[in-house]
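Here is the structure we will look at, set down as structure tokens.
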Amino acid sequence: MSTVQAQPAPLVEEAPVSLWRDAWYRLKRNRLAIFGLGVIILLAFVALFGPYLTPYDFLSQDLEARNQAPSLAHLFGTDDLGRDVFSRVVYGTRTAFVVAVVVTAIALVIGTVLGAVAGFFGNPFDRVIMWLTDVTMSVPNLLLVVVINASLKTPIAQWMEARYLETLNPFYRETVWIDFLLVFGSMALISWPPYARLVRAQVLSIRSRPYITAAQALGLSNRIILMRYVIPNALGPLIVAVSAGLGTAMVLESAFSFLGVGVNPPTPSWGNMISDGLRVWQHYPHLLAAPAAVLGLASVAFSFLGDGLNDALNPRGSK
Amino acid sequence: MTGKNRLLDVRGLTVEIETRRGPAVIVDGIDLHVDKGETLGVVGESGCGKSLTMLSLMRLLPNKIRVAKGEAHFDGRDLQKMSNRELRKVRGGDIGFVFQDPVTSLNPVMRIGDQLAEPLIYHRGMNRKQARERAIELLRLVGIPGPEERIQAYPHELSGGMRQRVMIAIGLACEPKLLIADEPTTALDVTIQAQIVDLVKGLREKLGMSVVWITHDLALIAGLVDRVVVLYAGTVVEDAPVDALYASPRHPYTRGLLASIPKLSDAPASRLNSIGGTPPEPGRRPQGCPFAPRCPLAMDICRTHVPKLEPVSAAGSHRAACFAVEKALEAA
Ligand SMILES: Nc1ncnc2c1ncn2[C@@H]1O[C@H](COP(=O)(O)OP(=O)(O)OP(=O)(O)O)[C@@H](O)[C@H]1O
Ligand code: SF4
Ligand SMILES: [Mg+2]
């Protein structure tokens, strides 16, 4: 039997947070997870404030200084239009985070609602929702995104153009938003099924666990049972899924932007920068290396954090 | 009918399960009672409805299983007719429950101190600090060493026997009038089983509560209970003071159960005298006596008529449901 470390007694008075406190304690001992968390916090900071702190605007061109190698003036060098690559990577970080957070949030809401309804109310909801999930998952992601782009982008752009000519409202000239709207929509559309499945499975299994009956036998209210028995047991896997989902969404955004069906130039995205860099990488490797390295770092960070959270939030699995 | 001394009085309790072919009876018109301060043993093979009977009292039945008929009076009030709010006060407050499996019946992500504190906060209106003090006391009461540290532990950090003690402590937390223990020792090894039995014996005296102890092991509870109810396929087949039951079991099923307990004095051959066959599945109950297909004494009447639970002793405290009570006595 394992020995239990004696801890300062007052801890128990803040009982509701003890699960999280313990999870944090276990997470702290996981070096890779802390590394991942550190990188994510840094990138999030860059995404939030970076664009205000960079020495150059991500769009400003300096045709005198094209394709320069990294230097003190330009940390990651400049591209073929003389734009500062560092500033563009920083702005690409914002793009990546905005897309990842928005897409994951939408997918999480859709998935949680559908999964909870399916798990809680059973058939016929369950059958319909699971069918929908299967259908969505069976359509190749890339195909779906390409189809959505091809079929919606031009009509929306034309409509915006028409509105602009009609109203002269500058809002309608800002075509960047079409990109984002399409990316949010199409990526959320393909990202919700795993959350739905997870939440459904969680609701189904936790609802019939003996400890729920045991809690009812103690006369505890449904609210307490939900807050302290069902949710904490369901939350661990969901948090892990969200952490992994954020990483996946970032990679996905880059992949789509790389293929020209995501965020398009001139708005910087790691994906479209990689795409540009790839064409000239033999001559100017830094144009490929900078965005690719940051994308790789972000992806690894989320996966380390996800693994660490998985261990930390599951006290049964830890030693 | 109901004396002042009666704590739990169950009459005609019938539990049904919904199947594709319509409702099937699992618990068939059970009568049982527990007096104040009394310890009742409920015995029967696996699947005979012991757990469902107790869960139905507390209205904790799983999906698709429901109480079709019957009353269950606790302290003079019908549990089946109570409002949910009243019922919640009884659950955990007046009736403590110890579940069969201590591994799955404790919340894995909650410290045991918190799990102990929860009912105290709800039923006794304690604050966290008071509940924590009481949790330590309770763990000490059930013989857990180092309770000040153990309240910080998660269930997985404790051994099976310790977890079962925690379950008992939770069941006892609010000093209930009745403790229902559903095979609380099945998952444990023999020495620990005996420790848990001794523990409950001591606590019962200390707290003056009534106990219902469910088991399929007649030998284990011999020294613990005052009276035994034998269940077979969802019916009470025998109800007797524990000594009378051991001395002169009247129902062939009880005799079979007792015979399957190895005794030192037994000749090796008599140990083979256990019951052949298996109990009927819900929905496939025979027409007459539910035990008839397995009964060595079965007669024609047994296959057409259901025997009633009737007194077989002068005092009326020993009852059995069998057409061949006299024969069974002779055979003994
Ligand atoms: N959730 C359920 N769904 C379907 N059938 C059930 C369920 N729970 C119990 N049953 C059935 O009801 C009958 C009685 O079950 P119960 O759990 O009361 O038996 P038990 O006497 O407690 O047995 P054990 O000693 O194995 O715990 C069994 O035939 C069982 O198959
Ligand atoms: S009533 Fe008949 S079948 Fe049932 S136990 Fe008695 S003798 Fe056996
Ligand atoms: Mg049982």
Side-chain angles (χ1 to χ4, degrees), chain A residues 1-23 25-26 120-122 204-225 227-237 239 312-319, chain B residues 54-55 58-63 84-85 87-111 113-115 117-119 121-123 127-129 131-132 135 146 148-159 162 167 170-171 173-174 180:
Chain A
M1 206 176 66
S2 63
T3 46
V4 182
Q5 287 292 319
Q7 280 166 20
L11 271 188
V12 84
E13 279 166 42
E14 287 129 285
V17 295
S18 65
L19 169 69
W20 306 108
R21 192 190 290 264
D22 274 20
Y25 179 72
R26 279 189 292 269
F120 207 79
F121 295 105
L204 278 181
S205 88
I206 291 171
R207 216 180 47 165
S208 62
R209 300 266 169 90
Y211 59 78
I212 299 297
T213 310
Q216 289 170 329
L218 285 177
L220 304 182
S221 65
N222 283 339
R223 194 180 60 84
I224 297 229
I225 291 176
M227 299 302 289
R228 307 219 37 204
Y229 288 73
V230 178
I231 290 181
N233 277 287
L235 217 51
I239 289 176
L313 287 166
N314 183 356
R316 283 151 289 185
S318 66
K319 284 278 126 54
Chain B
M54 294 307 150
L55 288 174
M58 309 271 275
R59 306 205 329 231
L60 287 170
L61 290 174
N63 260 348
N84 283 333
R85 178 186 289 262
L87 184 69
R88 272 181 44 210
K89 293 221 176 78
V90 174
R91 290 176 178 173
D94 293 328
I95 303 181
F97 218 113
V98 179
F99 284 87
Q100 201 160 348
D101 183 358
V103 177
T104 55
S105 301
L106 290 169
N107 183 353
V109 298
M110 201 166 166
R111 294 165 186 276
D114 293 334
Q115 302 194 49
E118 217 56 74
I121 292 166
Y122 172 66
H123 291 291
N127 63 31
R128 291 230 160 253
K129 197 166 150 57
R132 177 174 168 271
E148 292 85 358
E149 287 130 43
R150 285 301 156 85
I151 55 167
Q152 306 279 354
Y154 287 100
H156 75 273
E157 293 173 310
L158 303 179
S159 69
M162 286 296 156
M167 288 288 303
I170 293 175
C174 299
I180 299 177

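Numbers restart at 1 for each chain; the letters A, B, ... are given by sequence-line order, proteins then strands. Small disclaimer: the values here were computed from a predicted structure and weren't measured.
A distance-only check finds a donor-acceptor pair linking the side chain of B:R88 to the backbone of A:G219 [under 3.5 Å].
Both the backbone and the side chain of B:P119 come within less than 4.5 Å of a heavy atom in chain A. Neither the backbone nor the side chain of A:S208 has a heavy atom closer than 4.5 Å to any heavy atom of chain B.
Between A:A217 and B:M58, the shortest heavy-atom contact is O-CE, 4.0 Å. Shortest non-hydrogen contact noted between A:P210 and B:S105 is CB-OG, 3.7 Å.
Taking CG from A:N222 and CG from B:N84, the interatomic distance works out to 8.5 Å, rounded to the nearest 0.5 Å. Between atom CG of residue B:N107 and atom CG of residue A:N233 there is a gap of 5.0 Å, rounded to the nearest 0.5 Å. Of the inter-residue distances, the one linking B:Q115 atom CD with A:Y211 atom OH reads 10.0 Å to the nearest 0.5 angstrom. Atom CG of A:L218 and atom OH of B:Y122 lie 11.0 Å apart (nearest 0.5 Å). With rounding to the nearest 0.5 angstrom, the CD1 atom of A:I212 is 11.5 Å from the OG1 atom of B:T104. Distance check: A:L220 CG to B:E118 CD gives 5.5 Å after rounding to the nearest 0.5 Å.
Paired with A:Q216 under the rule side-chain contact (heavy atoms from CB on, under 4.5 Å), one option of B:L87, B:L60, B:L55 passes, and it is B:L60.
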